[in-house]
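Okay, structure first, notes after.
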Amino acid sequence: MSGPAAGTADAAATTDVVCLGESMVTFLPSQPGRLADVPSFGRGIGGAESNVACALAAAGHRAAWVGRVGADGFGDHLVETIASYGVDTSAVRRDPVRPTGVYFRTATDRGTDTHEVAYYRAGSAASAMSPDNVPYEDLLAGRVLHLSGITAALSADCLALLRDLTAPRPGRPLVSFDVNHRPHLWRGGDADASVLLELARRCDLVFVGEDEAEEAWGIVGAEAIRAALPEPAVVVVKRGSAGAMVFASGLRPGPRSSNAGGAGNAPASRSTEGGAEFAADTVTLVPALRVDVVAAVGAGDAFAAGFLSATLRGLPVRERVRHGHLMAAAVLTVPGDLTDPPARDHADRLAALDDDAWGRLRLGPGWTAADRAPEEVRTP
């Protein structure tokens, strides 16, 4: 099939979120140290978009993952593991020639100089995704389509696919985009970074870190990032330990749902570009939680899943961000990229805390399994 049929997304959606991207088998070190020194590795899975799908399904949403894997044992493992979280994997395609990607990483934080990742993904099955070989009827069947900049970096065909999926069309589901700038995947420097900006501007909801916006685009500060991304209805700027700032002018999760955007904050003026005027923003800043970190991997994907989950439920923007922080805290307190999120009522109680109580929270390993009242969650 070459490109989507007009009106596909107008059909009654049966899926909340469809996630498209590469998932790989990841080998996690048995102990800290250089890859050259680690004696053994445990097998897991990793992939920004499949991580989001797994977290959403575990949180009770109808999530689907669309990707391409090899006709090999690693492909079997990926599909079976992702499906075990309750994710619909029926639209995953198998490539008879290209392999499933794998990678090895060290135990250190991705942001440190000692962190190492060895990718074996060149020529992978996922890198062959294109507008001609993915199932558009499945991609456009949900209320939300979630994408990331990682896919755009895999190949020219993958970039063409993302450009096609982010193009405006009647009945398009809400398109969520996590910038996920990975410099090692790109080969063209500034020209490739500009592709991420182009794609982000075509989407409805954008997640971007302050650090990656500065690295990729030379843009410093949340307000400057919003000025560079005037078109999306919602821009979520992740600020690390400082929390997240959301610029929102409204958000409609899918063609059949009501507008769930807005937060009761004072509106901020929006810039204009080329004569086009954009609606005034509400700006919401939500502090991050204090977390006893076990491994700083997968937190960004979990944050996106928490924010999307609360968006689908029509919660106010502040609660959307808090659910993002809580989902991220669940992953930060385990060794791998995935874990079961807190029970919904547990997360709702924590997200509803007043600002002082939220600021006193400190979450450590095992906190998601303890169905405690908010005041019983570990505090200093």
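In this structure the side chain of T311 never reaches within 4.5 angstrom of the side chain of V144, judged on heavy atoms. Contact check for R163 versus E198: side-chain heavy atoms found under the 4.5 Å cut-off. With contacts defined as side-chain heavy-atom distances shorter than 4.5 Å, the pair D292/R362 qualifies. The closest side-chain heavy-atom distance from P173 to R143 is not below 4.5 Å. Between R68 and S23, the closest side-chain pair of non-hydrogen atoms is not below 4.5 Å. In this structure the side chain of V234 never reaches within 4.5 angstrom of the side chain of D204, judged on heavy atoms. Contact annotation: the side chain of L161 approaches that of L20 to within less than 4.5 Å [non-hydrogen atoms, C-beta and beyond]. Side-chain contact between L353 and R322 is present, with at least one heavy-atom pair separated by less than 4.5 Å.
D16 and R313 are not joined by a salt bridge, as no carboxylate oxygen comes within less than 4.0 angstrom of a charged side-chain nitrogen. Ionic pairing of D72 and R94 is not present here: no N-O contact between side-chain nitrogen and carboxylate oxygen is shorter than 4.0 angstrom. Note on R169 versus D164: salt bridge recorded, some NZ/NE/NH1/NH2 to OD/OE distance being below 4.0 Å. For R360 and D354, the salt-bridge test fails: no basic side-chain N is under 4.0 Å from an acidic carboxylate O. In this structure, R318 pairs ionically with D355, as a charged nitrogen and a carboxylate oxygen lie closer than 4.0 Å. With respect to the salt-bridge test (charged N to carboxylate O, under 4.0 angstrom), the residues E22 and R121 qualify.
For the pair G149 and L196, the tightest heavy-atom approach, listed with the atom from each and the gap, is CA-CD2, 3.6 Å. In terms of heavy atoms, I219 sits closest to I225 at CG2-N, 3.6 Å. Residues T368 and A330 share a closest heavy-atom pair of CG2-CB, 3.6 Å. Across all their heavy atoms, R93 and D138 have their closest contact at NH2-OD2, 4.5 Å. For the pair L154 and S127, the tightest heavy-atom approach, listed with the atom from each and the gap, is O-CB, 4.1 Å. Considering every non-hydrogen atom in both A213 and V208, the closest pair reads CB-CG2, 4.1 Å.
A distance of 9.0 Å separates OG of S124 from CZ of R98, quoted to the nearest 0.5 Å. A distance of 10.0 Å separates CG in L363 from CG in L332, rounded to the nearest 0.5 Å. Here the CZ atom belonging to R201 is positioned 7.5 Å from the CG atom belonging to L229, to the nearest 0.5 angstrom. To the nearest 0.5 angstrom, L145 atom CG is 11.5 Å from L205 atom CG. In this structure, CG on L361 lies 11.5 Å from CG on D356, to the nearest 0.5 angstrom. Rounded to the nearest 0.5 angstrom, R43 CZ and L28 CG are separated by 11.5 Å.
A donor atom on one side chain and an acceptor atom on the other are found under 3.5 Å apart for D348 and H323. Side-chain polar atoms of E49 and S148 form a donor-acceptor pair below 3.5 angstrom.
Side-chain atoms of S155 come within 3.5 Å of backbone atoms of C158 as a donor-acceptor pair (strictly under, hydrogens ignored).
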Stepwise side-chain contact (heavy atoms from CB on, under 4.5 Å) check, R239 with D211: CA-CA 8 Å; R239 310 177 75 190; D211 54 348; over 6 Å; no
Step-by-step side-chain contact (heavy atoms from CB on, under 4.5 Å) determination, V206 to F247: CA-CA 10 Å; V206 175; F247 300 85; over 6 Å; no
L326 vs L289, side-chain contact (heavy atoms from CB on, under 4.5 Å): CA-CA, chis, key distance, verdict: CA-CA 8 Å; L326 290 165; L289 289 162; 3.7 Å; yes
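Ring-centre distance between F303 and H325: below the 6.0 Å cut-off. Taking the six-membered ring wherever Trp is involved, the centroid distance between the rings of F307 and F207 falls below 6.0 Å.
Through direct or indirect side-chain contacts shorter than 4.5 Å among Ile, Leu, Val, Met, Phe, Trp and Tyr, I45 is connected to V25, F27, L35, V38, F41, W65, V69, F74, L78, V79, I82, Y85, V87, V92, V102, F104, Y120, L338.
With sequence neighbours excluded, the residues forming a side chain to side chain donor-acceptor pair (under 3.5 Å) with T166 are R202, listed by chain and number.
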